[in-house]
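Worksheet: the structure to be examined is printed underneath.
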Amino acid sequence: MRVLGIETSCDETGVAVVENGTRMLSNVVASSMDIHAKYGGVVPEIAARMQLEAIVPAIEESLTQATLDWSDIDAIAVTNGAGLGSSLLVGVMTARTLAIVKSKPLMACNHVLGHIYASFINTTSLDGYIMPKQTPEFPLLAVIVSGGHSQLVLFSDHLKYRILGRTQDDAIGEAFDKVAKLLGLPYPGGPSVSNLAAKGDPNRYKLPIAKVGKYDFSFSGLKTAVLRLSQATAGVGYDFPSFKLSERLLEAQKADIAASFVSTAVNTVMEKVNAAVKQYNPKSVVLAGGVAANAQLRLVMEQQLPCPLIVPDIKLCTDNGAMIAALGGWQLTNNYPLADPYSLDISPNLSM
Ligand code: KG4
Ligand code: ZN
């Protein structure tokens, strides 16, 4: 069973074909990141306009890459939430049209759930991907760390889950992006903070781990603590504007601040994950979302977890169509209701 997945919830246009929810046959991601970088963040209007231009070529390229034509595709899966309304509309309207014109069943997919299902992709006909050696087993603990979400989810079986905890304010990826801005690093912040952190001393500064509910997160206090630390290190007052701070800091100071931030963010996640593993004893842990691309988080998790850790290839951690094609496949085999191609709506605030 081959599913074509479409993902346009933020600035990427992702289209991929995945067979039986596990084998990736193509994966095309068109990003408008370079343009957003000039503005220091995603501009929704620009993202949607670029997606409108990119979506049809991405679908064609995805089929060509998989050496398939429409007769080989059994269903279409599309992200209908959560995400930017204008961006979601591009993917959903395209998927609806194709489902009608090509007479294919349509699956509506939750973006965050899609990030988790990227871990079920374990083989590919494509070069350049490192596939997980193990398949996730239930009960499964999913650790979602993305630009929009930070949450712990416990799965008893496919698509059967309960949320253990989530962030009370900013998502972890947001904290990475804001710290990057503060340190004068380029957008997207996650990779640039991670790269700088690798050159710094993680024990140079002590930053706080927020005290919230047992499995909940909070990253806004950490972000403010990094601002205060940067102001103190630069020798300026708390009213000194954050956008001027980076020019007052030495490279070595920035590296130490980045390293201390990353290590605190990783410890924050690990504190909750370790507690959940102790209480629920999962057979595997899945790390999902854009921040799963962070090498330090992966390393610490691998070292500390008593059960197998499954992390998708870095290219499948950030937004892509393959995770949606995989989720759509599992939804189909688990008799999840089909979406109506004449009425499927976007759901920008959809939660898991
Ligand atoms: O999952 P994702 O692509 O989009 C959302 O659904 O939010 O995650 C994007 C987030 C951004 O905040 C980005 O800075 C972060 O993932 N990110 C990273 C890394 N690569 C991307 N954070 C830390 N380390 C990385 N290497
Ligand atoms: Zn995402």
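As the structure lists them, so they are numbered: ligands from 1, and atoms in each ligand from 1. Because the structure is a prediction, the values reported are computed rather than measured.
- The proximity of His115 to ligand 1, defined as any non-hydrogen pair under 4.0 Å, is limited to the side chain.
- Remark: ligand 1 atoms within the under-4.0 Å shell around heavy atoms of Gly148 are 7 (O).
- Under 4.0 Å from ligand 1, heavy atoms of Pro191 appear from its side chain as well as its backbone.
- At least one N or O atom of Gly290 sits closer than 3.5 Å to an N or O atom of ligand 1.
- Between Tyr117 and His158, the gap from one ring centroid to the other is short of 6.0 Å.
- Among the backbone and side-chain atoms of His111, an N/O/S atom is found under 2.8 Å from the Zn ion (ligand 2).
- Counting the atoms of ligand 1 from 1 in the order shown, those under 4.0 Å from a heavy atom of Ser194 are 23 (C), 24 (N), 25 (C), 26 (N).
- Identified under the ring-ring contact (aromatic ring centres under 6.0 Å, His included) test for residues 283-329, with sequence neighbours left out: none.
- Side-chain polar atoms of Asn20 and Thr22 form no donor-acceptor pair below 3.5 angstrom.
- Restricting Asp319 to its N, O or S atoms, the one at the least distance from the Zn ion (ligand 2) is OD1.
- Annotation for ligand 1: atoms under 4.0 Å from non-hydrogen atoms of Asp177 are 11 (C), 12 (O), 13 (C), 14 (O).
- Between Thr135 and Glu137, the side chains place no donor N or O within less than 3.5 Å of an acceptor N or O (distance only, hydrogens not considered).
- Under the 3.5 Å distance criterion, with hydrogens and angles disregarded, a donor-acceptor pair is assigned to the side chains of Asp169 and Ser218.
- Between Ala16 and Gly321, the shortest heavy-atom contact is CB-C, 3.6 Å.
- Of the listed residues (Asn294, Val42, Ile172, Val291), the one carrying the non-hydrogen atom nearest atom 15 (C) of ligand 1 is Val291.
- At a 4.0 Å cut-off, not a single heavy atom of Cys10 sits close enough to ligand 1 to count as contact.
- The Zn ion (ligand 2) has an N, O or S atom of His115 under 2.8 Å away, backbone or side chain.
- Between Phe261 and Tyr205, the ring centre distance reaches or exceeds 6.0 Å.
- Close contacts between ligand 1 and Thr318 involve ligand atoms 3 (O) [criterion: under 4.0 Å to a heavy atom].
- The option with the heavy atom closest to atom 26 (N) of ligand 1, from among Gly83, Ala293, Gly189, Ala288, is Ala293.
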After noting the C-alpha distance and the side-chain angles of Glu302 and Arg298, does the key distance pass the salt bridge (Lys or Arg N to Asp or Glu O under 4.0 Å) rule? CA-CA 6 Å; Glu302 259 158 28; Arg298 288 168 173 241; over 6 Å; no

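- Within ligand 1, the atoms closer than 4.0 Å to a non-hydrogen atom of Gly173 are 12 (O), numbered from 1 in the order shown.
- A donor-acceptor pair is defined here as one N or O able to donate and one able to accept, closer than 3.5 Å; such a pair exists between the side chain of Lys104 and the backbone of Trp70.
- With a 4.0 Å heavy-atom cut-off, ligand 1 is reached by no atom of His149.
- Proximity of His111 to ligand 1 is established by a heavy-atom distance of less than 4.0 Å.
- The shortest side-chain heavy-atom distance between Val179 and Val262 does not fall under the 4.5 Å cut-off.
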